[in-house]
Asks: 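Structure incoming, see below.
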Amino acid sequence: MPLNKLRNIGIAAHIDAGKTTVTERILFFTGVNRKLGEVHDGAATMDFMKQEQERGITIASAAITAHWNDHQINLIDTPGHVDFTIEVERSLRVIDGMVAVFCAVGGVEPQSETVWNQADRYRVPRIGFVNKMDRTGSDFAEVVNQMNKYLDANAVPLQLPMGAEENFEGIVDLITQKAYTFKDDQSIEMEIPEEYKAKVIEARNHLVEAVSDFNDEIANLFLEDKEVSAELLKKASRDATLKLLITPVFCGAAYKNKGVQLLLDAVIDYLPSPIDVGAVVGTDMDDPEKTHTLHPSPKEPFAALAFKLINDPYVGQQTFIRIFSGHLTSGMQFYNSTKMKYERAGRIFRIRAKDREEISEAGPGEIVALVGMKVTRTGDTLCSNDHKLLLENILIPPAVIEMKINPVTRKENEKMGEALSRLINEDPSFHARYDEETEETIISGMGELHLEIIVDRLKEEFKVEVEVGEPAVSFRETITAEIENNYKHVKQSGGRGQYAHTVMRLEPNPDKGYEFIDKVKGGNIPNEYIGAVNKGLVKAMDKGPLAGFPVVDVKVVLLDGSSHAVDSSDMAFQLCAQMGFKQGFMKGTPILLEPVMKIEINTPDDYIGNVTGDFNKRRGRIESMRRYRKGSQKLNGFVPLMEMFGYATTLRNISSGRANYSMEFYKYLPLPSGVQEEYLKKLAKKEAEKK
């Protein structure tokens, strides 16, 4: 397939905007599926996990290859729920263009904004598709207006709906000035009905005016009041889309098969091929100051990014990769520059959701799955042995919620450990650790639903029976005062002893993470032990002295120390650094940091008092309120996660089931001293009870 006929696209949106239904229709019209699968029946092709079918939501991004008008489309359907934001993040890192789906009734919703911002970060060109035009309350113009107001999208309609709600009968293409109606899964071209002609002229003029800002030829024709040809307008619209200057907007009703074929045409006409995206830049492995520019050509050195791992019951672990340059053949050896190890591609598959087609080779722009990879994980760079480089990694958000799980019987212990390590490989936003003191396994993730799905998969997929504790907030620890600490680690028990001595300064380092600075003069601590000090500090920060949570935002300056010719060792300095850090940390006025969430609540006007009253009780801070639709409002604000357990039930009760909300992680902020004191007292009481 020539590179200019390849499209790597993602479909992303807020939960319930109809992404998976749009994808199912695309698969039907491109001939991948013979029959339509519905989300509400649990039969959608892309939602093939049992947990997705039961809940009617997308959890894991699924990749599939389809063909339309002599073009190959590699399509990734992503989740809309914020707990699975890592799936969107890693998909956006490897796609070239995106279809952002909006509900014609709901418009721009919280997760639409999150996905949009993620796409901005990776500079992904996108088109908008306003779905559910046949629903009561649908309003195409209002959605376009919201896209401009809340997303700064410079949204420009390239289509106009004919009618809305139950009277939605067709679509007008503003570029070709042709109308389309839909019957028996076919789109039928026709002349524009008389009653829409004036509207179409006005909308096309708006389109010409918007594009004229970026195209001199169209600007001149517009000023001279001359007709702009369809070819010129299409080319200029495509150029502006690829440069992220405009967002073309299309419409339809995917569930009723209306507008999907025209959307497929738009994917090919307006979204980029790998050639349009151009070269990818990697950092040289030997010299971080140096970069390599690789073009999407089979003649260039091989470079790819692993963006997803799936455990398949039939072929084992599948590693999804996006090839940016060069050529891959089955059995070929290459270098994983993230892990600094060699890998070999056993078999190469082109994936069609649940099904797969084995291929012997793949070239630039392709998204394929490899079987037989040993060390490769999400975000790893794969490159040719003689051209070693690192590509930009994938941003992984921090885990904010944790839960204790234990196997029902001791013999399940090993089985659970294996299952957890496979789940961690698949999902970088999921973590698990074993607490030696309490002999419990603690899992952490992005939200309650995230951990619920993990536990479900442990039971269903891996057949591990586990007992589950209550979800709890994952705090962080830091210091607020600068402190100097002098610690000597001396152990003498016959034979060779242990000796290490460090003097270190601990400083608050807000929002900058952990920093280590070595300022030891005159070799008082030999150079070979400086690394051991750093290692000991990193280990000490895993479990903070205040309440056992990870330590963040601390700068440690190693000032001085001493060593012993016989008794000093790597291990002695690691232990000295750990103990010295813990001692110093407790003198530095330590505090707990709590995860604060960004929240958006949609509520009818009648319940606004109840909702805001309850929100304020939860230490919430309202940032803004805006009119959402007639008779309802959107509240935006920030609220601590620890106050939000069980919120869905409360909100349902105080709004008669009519309000809904969405929240995502914002940042870690200091826990108020009164709340911290109470929490630490509770913790101490629990510890005392255990003893």
Side-chain angles (χ1 to χ4, degrees), residues 15 59 79-90 110-111 113-115 117-118 378 394-405 420 423-424 426-433 435 440-456 468-478 510-511 513-514 541-544 546-553 591-601 615 618-621 623 636-648 650-651 661-672 675-676 679-680 682-683:
I15 197 162
I59 293 165
H81 199 287
V82 72
D83 280 19
F84 310 106
T85 191
I86 179 70
E87 293 288 343
V88 184
E89 191 76 42
R90 58 179 166 194
Q111 191 62 11
E113 294 190 40
T114 305
V115 169
N117 294 337
Q118 286 172 305
T378 295
I394 293 163
L395 184 88
I396 295 164
V400 293
I401 192 166
E402 57 184 37
M403 185 191 271
K404 289 173 180 162
I405 61 165
L420 287 174
L423 289 166
I424 288 164
E426 274 186 35
D427 180 354
S429 66
F430 169 64
H431 307 275
R433 62 188 165 87
D435 191 319
E440 289 173 316
T441 299
I442 295 156
I443 58 172
S444 52
M446 300 295 297
E448 285 180 88
L449 181 62
H450 188 194
L451 296 187
E452 192 187 302
I453 299 288
I454 292 281
V455 170
D456 214 12
V468 178
E470 286 296 305
V473 168
S474 177
F475 293 102
R476 296 289 184 266
E477 300 182 15
T478 193
D511 296 329
Y514 163 63
M541 292 173 79
D542 271 352
K543 196 172 177 188
L546 186 59
F549 292 105
V551 173
V552 294
D553 299 342
I591 58 164
L592 287 176
L593 301 172
E594 63 175 339
V596 171
M597 312 301 280
K598 192 172 158 194
I599 187 167
E600 182 161 298
I601 307 167
F615 188 67
R618 294 171 188 271
R619 296 194 283 125
R621 187 179 93 238
E623 193 82 339
N636 286 75
F638 301 98
V639 64
L641 178 63
M642 72 182 293
E643 306 290 347
M644 293 303 283
F645 291 112
Y647 184 63
T650 306
L651 187 64
Y661 78 102
S662 168
M663 66 180 184
E664 62 178 297
F665 174 69
Y666 168 58
K667 68 192 289 192
Y668 274 94
L669 290 171
L671 191 63
V675 182
Q676 177 172 314
Y679 178 78
L680 292 174
K682 258 191 215 166
L683 210 60

Asks: Are any non-hydrogen side-chain atoms of Ile405 and Leu451 less than 4.5 angstrom apart?
Replies: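 They are not in side-chain contact.
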Asks: To the nearest 0.5 Å, how far apart are CE in Met644 and CG in Leu651?
Replies: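 Here the interatomic distance stands at 8.0 Å.
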Asks: Which pair of heavy atoms, one from Gly548 and one from Lys543, lies closest together, and at what distance?
Replies: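 Answer, listing the atom of Gly548 first, then Lys543: O-CG, 3.4 Å.
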Asks: Are any non-hydrogen side-chain atoms of Val400 and Ser474 less than 4.5 angstrom apart?
Replies: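 Not in contact.
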Asks: Check Phe430 against Leu423 and note the closest heavy-atom contact, atom names and distance.
Replies: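 Between these two residues, the closest heavy atoms are CE2-CB, 4.0 Å.
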Asks: Once you round to the nearest 0.5 Å, how far does CD of Glu600 lie from CE of Met663?
Replies: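 Interatomic distance, Glu600 CD to Met663 CE, rounded to 0.5 Å: 13.5 Å.
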Asks: Which heavy atom of Leu680 sits nearest to which heavy atom of Ala547, and what is that distance?
Replies: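 Shortest heavy-atom contact: CD2-CB, 3.9 Å.
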Asks: I need the minimum non-hydrogen distance between Phe638 and Phe615, along with the two atoms involved.
Replies: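 Closest heavy-atom pair between Phe638 and Phe615: O-CZ, 3.7 Å.
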Asks: Looking only at non-hydrogen atoms, find the nearest pair between Ser429 and His450 and report the distance.
Replies: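 Minimum heavy-atom contact is OG-CE1, 3.4 Å.
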Asks: Answer whether the closest heavy-atom distance between the side chains of Ile401 and Phe645 falls below 4.5 Å.
Replies: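 Yes, side chains in contact.
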Asks: Does any N or O in the side chain of Asn117 come within less than 3.5 Å of the main-chain N or O of Glu113, such that one atom is a donor and the other an acceptor?
Replies: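 Yes, because the side chain of Asn117 sits within donor-acceptor range (under 3.5 Å) of the backbone of Glu113.
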Asks: Counting C-beta onward and ignoring hydrogens, is there a side-chain heavy-atom pair between Met642 and Val675 closer than 4.5 Å?
Replies: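 Sidechains of Val675 and Met642: in contact.
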Asks: Answer whether the closest heavy-atom distance between the side chains of Glu477 and Leu592 falls below 4.5 Å.
Replies: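 Result yes, sub-4.5 Å side-chain heavy-atom pair found.
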Asks: Just do the side chain to side chain contact (heavy atoms under 4.5 Å, CB included) check on Arg621 and Val596 with the steps written out, would you?
Replies: CA-CA 11 Å; Arg621 187 179 93 238; Val596 171; over 6 Å; no
Asks: With a 4.5 Å limit on heavy-atom distance, are the side chains of Glu402 and Arg433 in contact?
Replies: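 Glu402 reaches Arg433 side chain to side chain.
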Asks: Any idea how Phe549 and Tyr679 line up, ring-wise: parallel (<30°), tilted (30 to 60°), or perpendicular (>60°)?
Replies: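 Geometry flag for Tyr679 against Phe549: tilted rings.
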Asks: Within this structure, what is the OH-CG distance for the pair Tyr666 and Leu641, rounded to the nearest 0.5 Å?
Replies: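 One finds 15.5 Å between OH of Tyr666 and CG of Leu641.
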Asks: Quick check: do Tyr647 and Ile599 have side-chain heavy atoms less than 4.5 Å from each other?
Replies: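 Touching, per the 4.5 Å side-chain cut-off.
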Asks: Would you find a donor on one side and an acceptor on the other, under 3.5 Å apart, between the side chain of Thr478 and the backbone of Asp553?
Replies: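 Such a contact is found between Thr478 side chain and Asp553 backbone.
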Asks: Among all residues two or more places apart in sequence or in another chain, which pass the salt bridge (charged side-chain N to carboxylate O under 4.0 Å, His left out) test with Arg619?
Replies: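 Counting only residues at least two positions away or on another chain, Arg619 forms a salt bridge (charged side-chain N to carboxylate O under 4.0 Å, His left out) with Glu594, Glu643.
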Asks: Measuring only between side-chain heavy atoms, which start at C-beta, is Thr650 closer than 4.5 Å to Arg618?
Replies: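 Thr650 vs Arg618: side chains touch.
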Asks: Where do Ile442 and Lys404 come nearest, in terms of heavy atoms and distance?
Replies: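 The answer is CG1-CG, 4.0 Å.
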